[in-house]
Amino acid sequence: MLKTVKKLDKALRGEITIPADKSVSHRAVMFSSIARGKCTIRNFSSGADCHSTLNIFKQLGVDIDFVDEKTLHIKSNGVLNSDGIDLPPLDAGNSGTTTRLIAGILARQKFNSTIIGDESLSKRPMKRVIEPLSLMGAKIEAKDGHLPMKIYGQKLHGITYPSKLASAQVKSCILLAGLGAEGKTVFSEPHLSRNHTELLLDYLGADIKSEGEEVTIYPSELSAKDITVVGDISSAAFFIVAGLIVEGSDFVIKNVGLNPTRAGILDVVKRMGGGVNIINKTTCSGEDVGDIRVQYNDSLRGCVIEGDDIPRLIDELPVIAVLASQAEGETVVRNAEDLRNKESDRIKCLVYELSKIGVDIKETADGFIIRGKTKLKGGAELESYHDHRLAMSFYVAGLIAEEEIGINGFEWTKISFPEFERLFEKLE
Ligand code: S3P
């Protein structure tokens with residue numbers, strides 16, 4: 001679907017509530033499905049990725065019912081596929097999180113399973129989970145480390161795994177395997193990635209401890225407990241950037257998850273001199289949450305984004321590129337080579353597409369460099385490469401481009417944020 005976006009001739013004003021966090025929604029369904037007991041999950045994501053997770057656990061025999069669009073009941077005895085039936089392939093759709101996290105659960109079951117996915121997911125690297133799982137005793141077949149991935153359920157044993165990659169998906173996979181393995185599992189990473197798994201496993205009673213970049217888990221049983229999912233800061237990011245660059249804007253984004261391992265974009269905005277204020281901060285099912293007031297700012301300054309910053313804002317980098325195009329001076333993004341392994345090669349595709357509308361952006365091996373304060377000329381058709389976050393980032397750029405832009409494949413926004421356009425219209 002081709003979407004056209006025109007320059008906004010007015011400021012963004014008012015108030016919106018940001019829908020559920022994708023990472024937390026995935027985990028809420030997965031962990032409740034392997035926990036014992038009944039629970040209610042409130043404010044579940046309506047994105048297609050989280051529904052892929054949900055459908056897989058239904059296929060695995062878990063009792064999951066929707067009470068309304070965003071509320072579900074889950075009932076489980078903690079055992080998956082208890083009838084031991086031969087399962088059809090489990091379809092993870094477009095979702096890397098579904099694939100990598102459930103691999104850790106499936107590897108330690110008494111049955112075999114196969115995970116499949118769409119064209120984009122089938123190109124993404126799975127060795128990052130196959131290797132450590134194999135060290136734990138898992139038996140997995142995946143040609144060249146890609147889906148389809150056949151998992152032969154095994155008894156696993158704990159390992160100490162110093163990961164070279166800072167990845168919450170790899171970390172979560174190993175912790176979920178460790179939860180049902182023999183002995184303790186220790187995982188460490190070079191920079192701390194999002195810690196939703198650690199927080200939620202702890203909330204559900206797992207024997208888990210974190211110290212800096214290291215997590216230790218012992219085999220444990222989870223007990224079901226109600227979970228309310230906070231709003232997604234990665235979805236809020238598109239509004240934060242739009243508010244900062246659309247002249248005169250001033251609005252409030254309600255119910256945004258503020259977990260410090262996810263909130264790197266707020267630090268970057270501060271470094272750039274932008275105006276975001278947090279109000280009404282509280283906690284919800286173990287996660288920090290609050291409202292964010294965003295105000296337009298025409299004196300943003302470029303900055304360096306690297307190292308520890310990267311896992312804390314990895315998914316926000318495409319829209320941060322749009323923000324940097326409006327900041328004075330240079331913005332340099334380094335150490336973000338894993339962006340090439342997302343739903344698209346987000347370095348190459350972003351640079352190529354944003355250049356078409358006048359952004360001064362250069363590709364580097366592990367990131368990009370932007371010279372800011374450029375007028376975005378627009379007047380081009382941008383390709384989203386079936387990548388939801390590229391499509392939404394281009395929409396934000398279109399709001400300030402001189403001439404109308406087209407976004408090809410805009411329907412991919414449904415992967416994480418079907419409400420995206422409707423919420424923008426609410427502020428216009
Ligand atoms: C996610 C972790 C990140 C992120 C993805 C969601 C998660 O991936 O990009 O959108 O929920 O664990 P990596 O672990 O590959 O960095």
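Counting starts at 1 for both ligands and their atoms, in listed order. Everything numeric here is computed off the predicted structure, so don't read it as measured data.
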Undergrad: Can you confirm whether more than 12 heavy atoms, excluding those of Y218, are under 6.0 Å from its OH atom?
TA: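 12 or below, so no.
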Undergrad: Looking only at protein heavy atoms, identify the closest one to atom 16 (O) of ligand 1 and say how far it is in Å.
TA: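 Checking every protein heavy atom, the shortest distance to atom 16 (O) of ligand 1 gives K342 NZ, 3.2 Å.
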Undergrad: Quick one: look up the protein heavy atom nearest atom 11 (O) of ligand 1 and list residue, atom name and how far away it is.
TA: S23 OG, 2.6 Å
Undergrad: For atom 10 (O) of ligand 1, what's the nearest protein heavy atom and its distance?
TA: D315 OD2, 2.7 Å
Undergrad: With a sphere of 6.0 Å drawn around CZ of R340, does it hold more than 12 non-hydrogen atoms of other residues, nucleotides or ligands?
TA: yes
Undergrad: Nearest 0.5 Å, please: how far is OG in S25 from NE2 in H196?
TA: 10.0 Å
Undergrad: If you count the atoms of ligand 1 from 1 in the order shown, which ones are under 4.0 Å from a heavy atom of I314?
TA: 9 (O)
Undergrad: Just which atoms of ligand 1 are under 4.0 Å from any heavy atom in A168?
TA: 12 (O), 14 (O)
Undergrad: Side chains of residues 55-66: which donor-acceptor pairs under 3.5 Å do they make with residues two or more places apart or in other chains?
TA:
unit_1	atom_1	unit_2	atom_2	d
N55	ND2	H51	O	3.2

Undergrad: Using a 4.0 Å heavy-atom cut-off, which part of K171 comes near ligand 1: side chain, backbone, both, or neither?
TA: neither
Undergrad: Ignoring angles and geometry beyond distance, decide whether R389 reaches within less than 3.5 Å of ligand 1 through its nitrogen or oxygen atoms.
TA: no
Undergrad: Kindly compute the distance separating CD (E383) from NZ (K356), expressed to the nearest 0.5 Å.
TA: 7.0 Å
Undergrad: The criterion is ring-ring contact (aromatic ring centres under 6.0 Å, His included); which residues satisfy it with F368, sequence neighbours excluded?
TA: none
Undergrad: Answer yes or no on whether K3 is positioned over the face of Y395, meaning its NZ or CZ is under 6.0 Å from the six-membered ring centre and within 45° of the axis.
TA: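 Judged by the rule (NZ or CZ under 6.0 Å from the ring centre, within 45° of its axis), K3 is not positioned above Y395.
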Undergrad: Can you tell me which residue and heavy atom of the protein come closest to atom 12 (O) of ligand 1, and the distance to 0.1 Å?
TA: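 So the nearest neighbour among protein heavy atoms is R27 NH2, 2.6 Å.
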Undergrad: Nearest to atom 14 (O) of ligand 1, what protein heavy atom do you find, and at what distance?
TA: S167 OG, 2.7 Å
Undergrad: Is any N or O atom of A166, backbone or side chain, closer than 3.5 Å to an N or O atom of ligand 1?
TA: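 By distance alone, the answer is no.
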